[in-house]
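The next block holds one structure in the form of structure tokens; read it before the comments.
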Amino acid sequence: MSSERLVVGIDLGTTYSEVAAYVGDQVIVLGQDNRRIMPSCVGMSPDGQLLVGEAARNQYLLHPERTVRSVKRRMGSTERIQLGEQALLPEEISALILRELTDRASRELDQPVKQAVITVPAYFSDAQRSATREAGALAGLEVLRILNEPTAASLAYGFGDGQRRTAMVYDLGGGTFDVSIITTEADVTEVLASHGNTQLGGDDFDELLLGRLKAEFEQRHGLDLDRLALARLARAAEEAKQRLSFEPHVRIREDALVTVDGKPFHLDVEISREQYEDMIRPHIESTLESVSRALDDAGRSPGELDAILLAGGSTRTPLVWRLLEERTGLPPRQEVHPDLCVALGAGVLASRLSGRQVDRVLVDVSPYSFGPSHLGEMNGYPYPHCYRPIIRRNTPLPVTRTESYFTVVEYQTEVDVDVYQGDDPDALKNILVGHFRVSGLTPMEEQNEVLCRMSLDLDGCLQVTATEKLTGLSKQITITDAMAPKDEAEIETARGRLADLLSNRGAAVAALEGHLEAAGADPTAGCIDSVSLPDGRKRDRTRYEKLLERSQALLDSMHPDDRSEAVEIRAAVQQALDDRDEAALAEAGDRLEELLFYLEGR
Ligand code: ADP
Ligand code: MG
């Protein structure tokens, strides 16, 4: 390899930077695991040492005045930035980042790095592009191309193979958001429209979480935190945010946080994904407005897009891809790690410039979706084999995700976990790949939360763990060949089982309801083989909202006596829904259900 010409691809990001190159027989991002993503930070330590990357980021927490972040925002300006004793131009700071990246690459490849492709946002002006070139030159690089980031993302996904395609690239990074509609054909990529917000990104989400943690602390202790404590909390907030992409809640524990008065306190807070999503929702909504504007400007409807491609680390946030899919009707593609996507695309172009025919990036993804079945509602009936995947098809491997489920009856002490492979919302149309039972759950009146964690590695080994949140009691199974294609016989068995059940649906529902009744009648026998929808409370709300609708429709045809009763009960249900008073809701809901049963039955 050392005799070949080496060109690297560099994503010089606002918050993080990466370098990619052709190694072995594919394009990869260089660096070991957590060193692949380098903070775009430069600092000067108090003793005059230059710090770049992780070291500078760590120093920022203590000495923000000696550390430079987000220099990309200032590229193209002539404003000087103080670094220790010196005042540097933005391109000089960027050059230090590029130099560190290429030095690391040279060491890893055991070969000097001299030529590079560097990416820039589609909206960068000529001045900003020249400053980027200049930064490359200062770092001792020959910059062969300045590549638009959305184009790079599309190359990583293989949209540079000569065919005509139209795609939306949605890029939400640490400090910036932009969305572009592009067409690719032969070697030419055209950016049809581009919108965004250069002041919006994951940093804002960190701020929101940090604000929450600070408020929590100040409320409990009535004191402000000192600078170091705040810095620690800021780090904890970013970590928590990242974990919330894969877990339904996180617990943030920090010991001995010192206040401005010098008193140490500890902080222990749990934040759920739902709470977090409520905080960031307005920001995500605002990105969707840019999406609409970009589509309008490009004169395209979502139906005319071949794909939505995700780039930027913040697109790992489930709310982002969920809302994007809801609004456009297209499931965004995410089989390339979003924070590496732009660097990998730059690597594809770099490899081509060095004479290798590279079509796209190779990524190991799960060919199937996996998840457990749960009790939910299908076609208006309770159904114990509802299914929603935890690991979705085309997710890059390895992956670990956790979701919450709730027990369905009071004093339930066991759950059965049936693990399926497939995408159908009816679990029985998918393939059962494993099964286990967790016994000895704490009997309790309220819903008991059970976490289901799924881990799939590159060898197709799927680990499923169910854990009672309250006590940590857990049970696990390992399915060793989860990615192996299932044989036809197994699929047939699944179909047969389904046919039986469908012909017998009434009985299945009756059996389930029987279970529920039995469990209610004799609490000590409270054990049934199911867990409920990820949020049982939500399920109840929808049920009562439907009751309200049904009763509304009947109001006109009611006898006046019935009507006044109905109006009164409906008001009680609505009040309970508004107050989120579960006890009152159950009580009023039952009365409304009875009334409807009586009215509809006549
Ligand atoms: P940029 O292009 O601005 O340099 P990146 O594309 O590298 O940024 O994205 C960085 C942002 O992505 C940071 O705010 C980081 O916290 C966020 N991020 C990284 N991983 C996750 C995750 N698992 N969930 C949510 N956000 C994440
Ligand atoms: Mg980036």
Side-chain angles (χ1 to χ4, degrees), residues 9-20 29 31 33-42 53-54 57 60 69-73 75 94 97-98 101 118-124 132 147-153 156 169-180 196-210 234-248 250 271 273 276-277 279-280 283-284 287 309-322 334 336-347 395-396 398-402:
I10 297 176
D11 170 5
L12 184 58
T14 311
T15 37
Y16 292 100
S17 297
E18 300 86 20
V19 52
V29 172
D33 298 324
N34 54 5
R35 298 264 293 178
R36 286 193 301 185
I37 296 179
M38 189 183 91
S40 307
C41 294
V42 177
E54 296 79 8
R57 204 252 313 254
Y60 180 81
R69 289 175 44 167
S70 308
V71 66
K72 187 170 177 177
R73 290 190 197 288
M75 289 294 270
S94 290
I97 298 171
L98 289 171
L101 279 174
I118 304 179
T119 59
V120 296
Y123 59 77
F124 252 27
T132 306
L147 177 66
N148 280 332
E149 286 163 12
T151 310
V169 180
Y170 177 104
D171 186 343
L172 187 58
T176 58
F177 162 68
D178 48 83
V179 52
S180 310
N197 182 345
T198 53
Q199 305 293 330
L200 173 68
D203 292 349
D204 299 289
F205 308 165
D206 299 346
E207 270 307 309
L208 287 169
L209 263 180
L210 177 62
R235 176 65 80 76
E238 183 177 8
E239 256 174 50
K241 170 193 78 173
Q242 299 190 353
R243 283 188 18 229
L244 281 169
S245 291
F246 302 96
E247 292 165 32
V250 293
I271 293 190
R273 185 187 290 160
Y276 170 65
E277 287 182 347
M279 294 180 212
I280 63 167
H283 284 316
I284 311 296
T287 68
L309 309 177
L310 297 183
S314 301
T315 62
R316 290 185 193 273
T317 312
L319 184 68
V320 169
W321 38 267
R322 266 204 340 260
Q334 41 189 325
V336 178
H337 285 295
D339 24 19
L340 307 183
C341 183
V342 167
L344 286 166
T395 305
V399 61
T400 300
R401 277 186 186 280
T402 308

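Both backbone and side-chain heavy atoms feed into the values below; hydrogens, waters and symmetry mates do not. Residue numbers count from 1 along this sequence. First listed ligand is number 1; within each ligand, the first listed atom is number 1.
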Please determine if R36 and D339 form a salt bridge, counting it only when a charged side-chain N lies under 4.0 Å from a carboxylate O. no
Run the numbers for me: atoms of ligand 1, each under 4.0 Å from some heavy atom of [X], listed by number.
| X | answer |
| --- | --- |
| T15 | 1 (P), 3 (O), 4 (O), 8 (O), 10 (C) |
| F246 | 23 (N) |
| G175 | 3 (O) |
| G174 | 1 (P), 3 (O), 8 (O), 9 (O), 10 (C), 11 (C), 13 (C), 14 (O) |
| G202 | 14 (O) |
| K241 | 13 (C), 14 (O), 15 (C), 16 (O), 17 (C), 26 (N) |
| S245 | 22 (C), 23 (N), 24 (N), 25 (C) |
| T317 | 25 (C) |

Looking only at distances, please establish whether an N/O atom of ligand 1 is found under 3.5 Å from an N/O atom of [X].
| X | answer |
| --- | --- |
| Y16 | yes |
| Q242 | yes |
| G13 | no |
| E18 | no |
| D171 | no |
| E238 | yes |

Side chains of T287 and Y170: donor-acceptor distance under 3.5 Å anywhere? yes
Nearest protein heavy atom with distance in Å, relative to atom 6 (O) of ligand 1: G313 N, 2.9 Å
Proximal candidate to atom 22 (C) of ligand 1 [heavy atom criterion; set K72, R243, R316, E149]: R316
Working for side-chain contact (heavy atoms from CB on, under 4.5 Å), residues K72 and L12: CA-CA 8 Å; K72 187 170 177 177; L12 184 58; 5.6 Å; no
Among T119, T132, N148, which residue satisfies the side chain to side chain contact (heavy atoms under 4.5 Å, CB included) criterion with F124? T132
Are the side chain of T315 and the backbone N or O of L172 linked by a donor-acceptor pair below 3.5 Å? no
